[in-house]
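I have placed the structure first, in the form of structure tokens, so that the comments after it can refer back to it.
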Amino acid sequence: MQLMLYNTLTRKKEVFAPLKNNIVRAYFCGPTVQDSPHIGHARAFIAFDILVRYLKFRGYKVFFIRNVTDIDDKIIEKAKKENVTPFEIAHRYYLEFLHAADALKLLHPNIEPFATGHIPEIIELIKKLIDKGFAYTTKSGDVYFDVLKFKEYGKLSGQRISELKAGARIKPGEEKKNPIDFALWKAAKPGEPSWPSPWGRGRPGWHIECSAMTMKYLGETIDIHGGGADLIFPHHENEIAQSEAATGKPFARFWFHVGLLRMRGDKMSKSLGNIVPIFEALRRYDHETIRLWAINTHYRKPIDFYWDLLENTEKILDDMYSSLFLAEQQLETEHKTTESLNDFNERLRDFIAEFKKAMNDDLNTPKALGILRDFTEFLKSNLNRLSKSQIETAIKEIRELGWVLGILQMSLEERIQEKRRRGKDISTIVPPNYIESGDIKPFLDLIIAVRNELRKRKIFDLADSIRERLKQMGIALEDSKEGTKWRIKK
RNA sequence: GCCGGGGUUGCCGAGGGGUAUGGCAGCGGACUGCAGAUCUGCUUUAGCUGAAAUCCGUGGACGCGGGUUCAAGUCCCGCCCCCGGCUCCA
């Protein structure tokens with residue numbers, strides 16, 4: 001079945017297939033390393049990550065780039081304020097971003113290029129634009145893109161030049177021909193980092209790096225170009241203009257834009273003081289919970305963030321994990337192999353087909369997730385009817401589909417560790433009678449035997465107090481028809 | 001103002017012409033001596049019919065109002081509200 005992807009350029013879902021061979025070439029606009037990455041970034045990068053994972057799952061080779069913008073006005077501003085070099089600021093926040101990306105288990109891009117590492121390529125591209133008459137220089141050494149020269153300007157964002165002109169204004173000191181022209185090269189101001197160029201010392205404008213680096217590593221026409229929805233205008237519009245003006249070819253075939261984050265309806269911003277850095281979220285919830293939060297909303301829709309929502313999300317994840325761990329435990333211990341489910345293969349095929357169907361529809365992760373949940377529920381409720389090899393197959397498939405969404409990749413031990421690190425109850429995920437140290441098992445068995453004797457003699461107050469004290473020690477007792485089971489809580 | 005994206009039950013969210021998917025939360029029931037775990041049920045609803053009803057039928061109900069259709073969250077028209085872009089943003 002074909003993968004349909006929404007293309008901002010055409011405002012439609014279109015059949016996706018790579019231009020050349022079986023290799024998908026993609027470029028995602030990475031961070032401007034000016035501050036700690038926040039959960040809005042996380043949402044966007046998780047969406048890119050899911051796209052890459054699903055493309056791989058479908059059998060494509062994916063070659064993708066995520067750039068780092070390491071020079072811009074805000075970085076310079078911050079450096080001045082802290083009295084350090086802009087490179088120190090960029091380096092600091094780049095490292096933070098890298099740690100966050102790793103903590104969220106984002107797949108590594110094939111290349112992670114820096115703007116400042118590609119000044120020669122940028123200069124070459126600007127030269128080409130000047131030669132072709134799409135760009136002009138000014139007395140002070142700036143270079144601007146001449147927007148009116150590019151006839152298709154506005155095709156991505158749907159903006160009309162006449163509308164844009166009405167709103168735009170030339171700031172004092174700028175020597176633009178037209179208020180909507182944008183800078184390709186900015187002449188150096190005293191104290192700012194700068195590089196030599198044919199137009200004097202200066203630094204690249206914001207948009208040009210992406211075009212230069214895309215072309216260098218991926219060619220003149222790439223399959224997918226992604227970014228946050230806030231980048232559609234002006235950033236991506238400008239990228240298209242400068243790239244297509246230079247090459248005369250389409251720059252990107254698919255434009256993939258991720259919806260923005262809201263804080264319970266509000267915008268997340270410094271002035272509202274409601275920015276949640278990725279690390280704060282990770283302190284309270286593990287990376288899979290955060291990923292699940294992100295994919296529980298379709299990537300193009302606005303997503304809300306608040307702590308209760310993550311709490312809820314963690315429950316959903318734990319529910320799936322508990323089924324998985326219960327099944328895994330059953331494999332290792334008491335599973336009776338006498339039975340097997342007749343239509344197992346059919347059911348398995350259905351779950352996988354439905355999952356793919358959902359993902360093929362413009363990465364409908366909320367739906368795919370629902371199917372994966374049904375799958376884990378099916379596994380749990382049929383444990384006694386499945387053969388050992390059927391259980392094994394189901395677990396393997398669940399974990400493979402989970403990989404696409406970036407969840408259900410932990411072992412029981414790892415999951416327990418994540419929970420303990422945050423001081424959380426683990427009884428929601430551990431299977432009954434699971435115990436890490438075999439040493440205490442005989443004692444536990446003894447206590448339970450004694451307590452059951454008390455229960456038989458209807459000395460319930462004593463039996464209950466044993467249960468209560470074990471609970472305080474972190475062991476919950478569950479009396480059932482099959483006898484008393486325990487479950488560790490801490 | 002211009003350009004996008006949204007508005008589905010207490011909450012999150014699928015569904016894009018054919019009985020409103022699933023979860024969370026809440027409240028019941030089963031199982032338990034109790035609890036937990038598990039399973040299961042209910043959770044939009046004015047009016048009308050009727051002695052009455054938690055039942056049956058009818059009828060509304062997916063922001064609001066119209067329309068197309070045998071049939072409308074779903075398509076069309078108009079409007080309201082929310083978010084974003086038009087200035088740095090993922």
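Quick note on labels: first sequence line is chain A, next is B, and so on, each numbered from 1. In this text, all values refer to a predicted model and were calculated from it rather than measured experimentally. For the numbers below, each heavy atom of this structure counts, side chains included, while hydrogens, waters and symmetry mates do not.
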Check every atom of B/A14, B/C88, B/G85 against the side chain of A/Asn364 and return the nucleotide holding the closest atom. B/A14

Suppose we call a contact any N or O donor and acceptor under 3.5 Å apart; does that hold for the side chain of A/Arg467 and the base of B/A35? yes

Assign A/Glu354 to base, sugar-phosphate, or nothing according to its heavy-atom contacts below 4.0 angstrom with the strands shown. nothing

Rounded distance (Å) that lies between atom P of B/G33 and atom CZ of A/Arg457: 18 Å

Do A/Phe145 and A/Tyr153 have ring centroids that are under 6.0 Å from one another? no

Answer yes when A/Arg457 and A/Glu453 have at least one side-chain N-carboxylate O distance shorter than 4.0 Å, and no when they do not. yes

Could you give the CG-to-P distance, from A/Leu292 to B/C12, as a whole number of Å? 16 Å

Return the nearest nucleotide to the side chain of A/Tyr306; candidates are B/C3, B/A90, B/C12. B/C12

Would you indicate which nucleotide in B/A90, B/A14, B/G5 comes nearest to any side-chain atom of A/Tyr6? B/G5

Can a side-chain donor-acceptor contact be found between A/Tyr93 and A/Asp70 if the only test is distance below 3.5 angstrom? no

Atom CG of A/Leu156 and atom P of B/G5: how far apart are they, to the nearest Å? 12 Å

Whole-Å C1' distance, B/U9 and B/G15: 15 Å

Between B/G29 and B/A35, how far is it from one P atom to the other, in whole Å? 10 Å

Give the nucleotide from the list B/A90, B/G33, B/C24 with an atom nearest to the side chain of A/His38. B/A90

Presence of donor-acceptor pair under 3.5 Å, side chain of A/Lys74 and base of B/C88: yes

When the P atoms of B/U58 and B/C3 are considered, how many whole Å apart are they? 47 Å

Return the 5'-most residue of the pair A/Ile232, A/Gln159 with respect to RNA chain B, ranking by each residue's nearest nucleotide. A/Ile232

Figure out the CD1/P separation between A/Ile295 and B/C12, and round it to whole Å. 18 Å

Output the single nucleotide from B/A90, B/C86, B/G6 whose closest atom is nearest the side chain of A/Ala44. B/A90

Strand partner of B/C88, provided both Watson-Crick or wobble distances fall under 3.5 Å: none

Identity of whatever pairs with B/C79 - Watson-Crick or G-U, under 3.5 angstrom: B/G63

With both distances under 3.5 Å as the test, what is the Watson-Crick or G-U wobble partner of B/G36? none

Would you classify A/Leu260 as touching base, sugar-phosphate or nothing, given that sugar-phosphate means primed atoms plus P, OP1 and OP2, and contacts are heavy atoms under 4.0 Å? base

By the 4.0 Å heavy-atom rule, please label A/His235 as base, sugar-phosphate, or nothing. nothing

Within the structure provided, determine whether A/Asp286 and A/Glu314 are in side-chain contact (heavy-atom separation under 4.5 Å). yes

Testing B/U38, B/C12, B/C2 for proximity to the side chain of A/Lys380, the answer is B/U38

Starting from P on B/C34, measure out to CD on A/Glu478 and report it in whole angstrom. 17 Å

Would you call B/G57 syn or anti, using the 90° rule around 0? anti

Whichever of A/Lys367 and A/Gly227 has its nearest RNA chain B nucleotide further upstream toward 5': A/Lys367

Across every strand shown, the nucleotide meeting Watson-Crick or G-U wobble geometry with B/G18 (both distances under 3.5 Å) is B/C70

How many whole angstroms separate atom NZ of A/Lys471 from atom C1' of B/A37? 13 Å

Assess, by modelled atom type and distance only, whether the side chains of A/Asn452 and A/Thr484 contain a donor and an acceptor separated by less than 3.5 Å. yes

Under 4.0 Å: is that the gap between some side-chain N or O of A/Lys485 and OP1 or OP2 of B/G36? no

From the candidates B/A90, B/G5, B/C86, the one with an atom nearest any side-chain atom of A/Pro234 is B/C86

With heavy atoms under 4.0 Å as the rule, sort A/Asp374 into base, sugar-phosphate or nothing. nothing

Under 4.0 Å, counting only non-hydrogen atoms across every strand here, what does A/Leu369 touch: a base, just sugar-phosphate, or nothing? nothing

With a 4.0 Å cut-off on heavy atoms, is A/Gly30 in touch with a base, just the backbone sugar-phosphate, or nothing at all? sugar-phosphate

Using the C1' atom as the point on both nucleotides, what is the distance between B/A61 and B/A72, in whole Å? 13 Å

Pair of N/O donor and acceptor under 3.5 Å linking B/C3 base with A/Arg11 side chain: no

Between A/Thr32 and B/A90, is there a side-chain N or O to OP1/OP2 distance below 4.0 Å? yes

Please check the phosphate of B/A14 (OP1 and OP2 only) for any side-chain N or O of A/Lys301 closer than 4.0 Å. yes

Which way is the base of B/G7 turned, syn or anti, if we draw the line at 90° from 0? anti

Touch check for A/Lys315, heavy atoms < 4.0 angstrom, all strands: base, sugar-phosphate only, or nothing? sugar-phosphate

Short side-chain donor-acceptor distance under 3.5 Å, A/Tyr94 and A/Glu112: yes

Strand partner of B/C11, provided both Watson-Crick or wobble distances fall under 3.5 Å: B/G23

For a quick check under 3.5 Å, do A/His118 and A/Tyr217 share a side-chain donor-acceptor pair by atom type? yes

Which nucleotide in the list B/C88, B/A90, B/G85 gets nearest to the side chain of A/Asp72? B/C88

Looking only at B/A90, B/C2, B/A14, the nucleotide nearest the A/Pro366 side chain is B/A14

Rounded interatomic separation in angstrom, taking CD from A/Glu96 and P from B/A90: 14 Å

For the side chain of A/Arg373 and the base of B/G23, is some donor closer than 3.5 Å to an acceptor across the two? no

Check the geometry between A/Phe460 and B/G33 and answer yes if their rings are stacked (centres below 5.5 Å, planes below 30°), otherwise no. yes

With heavy atoms under 4.0 Å as the rule, sort A/Thr297 into base, sugar-phosphate or nothing. sugar-phosphate

Aromatic contact between A/Phe45 and A/Phe48, with the criterion being ring centroids under 6.0 Å apart: yes or no? yes

Let me know the distance between CD1 of A/Ile275 and P of B/A90, rounded to the nearest Å. 11 Å

Give the nucleotide from the list B/C31, B/G15, B/G36 with an atom nearest to the side chain of A/Asp361. B/G15

Taking only the P atom of each, what is the distance from B/A71 to B/G60 in whole angstrom? 12 Å

Would you say B/A37 has OP1 or OP2 under 4.0 Å from some side-chain N or O of A/Arg487? no

Identify whether the distance between the nearest side-chain nitrogen and carboxylate oxygen of A/Lys74 and A/Asp35 falls below 4.0 Å. no

Quiz item: A/Asn296 side-chain donor-acceptor pair to B/G23 base, under 3.5 Å: no

Counting distance alone, no hydrogens or angles: does the base of B/C12 have a donor or acceptor under 3.5 Å from a partner atom on the side chain of A/Asp304? no

Between A/Lys419 and A/Asp318, does any side-chain N to carboxylate O distance fall below 4.0 Å? yes

Using a cut-off of less than 4.0 Å, is there contact between a side-chain N or O of A/Tyr299 and OP1 or OP2 of B/A90? no

A/Arg43 near the nucleic acid: base, sugar-phosphate alone, or nothing, with a heavy-atom cut-off under 4.0 Å? nothing

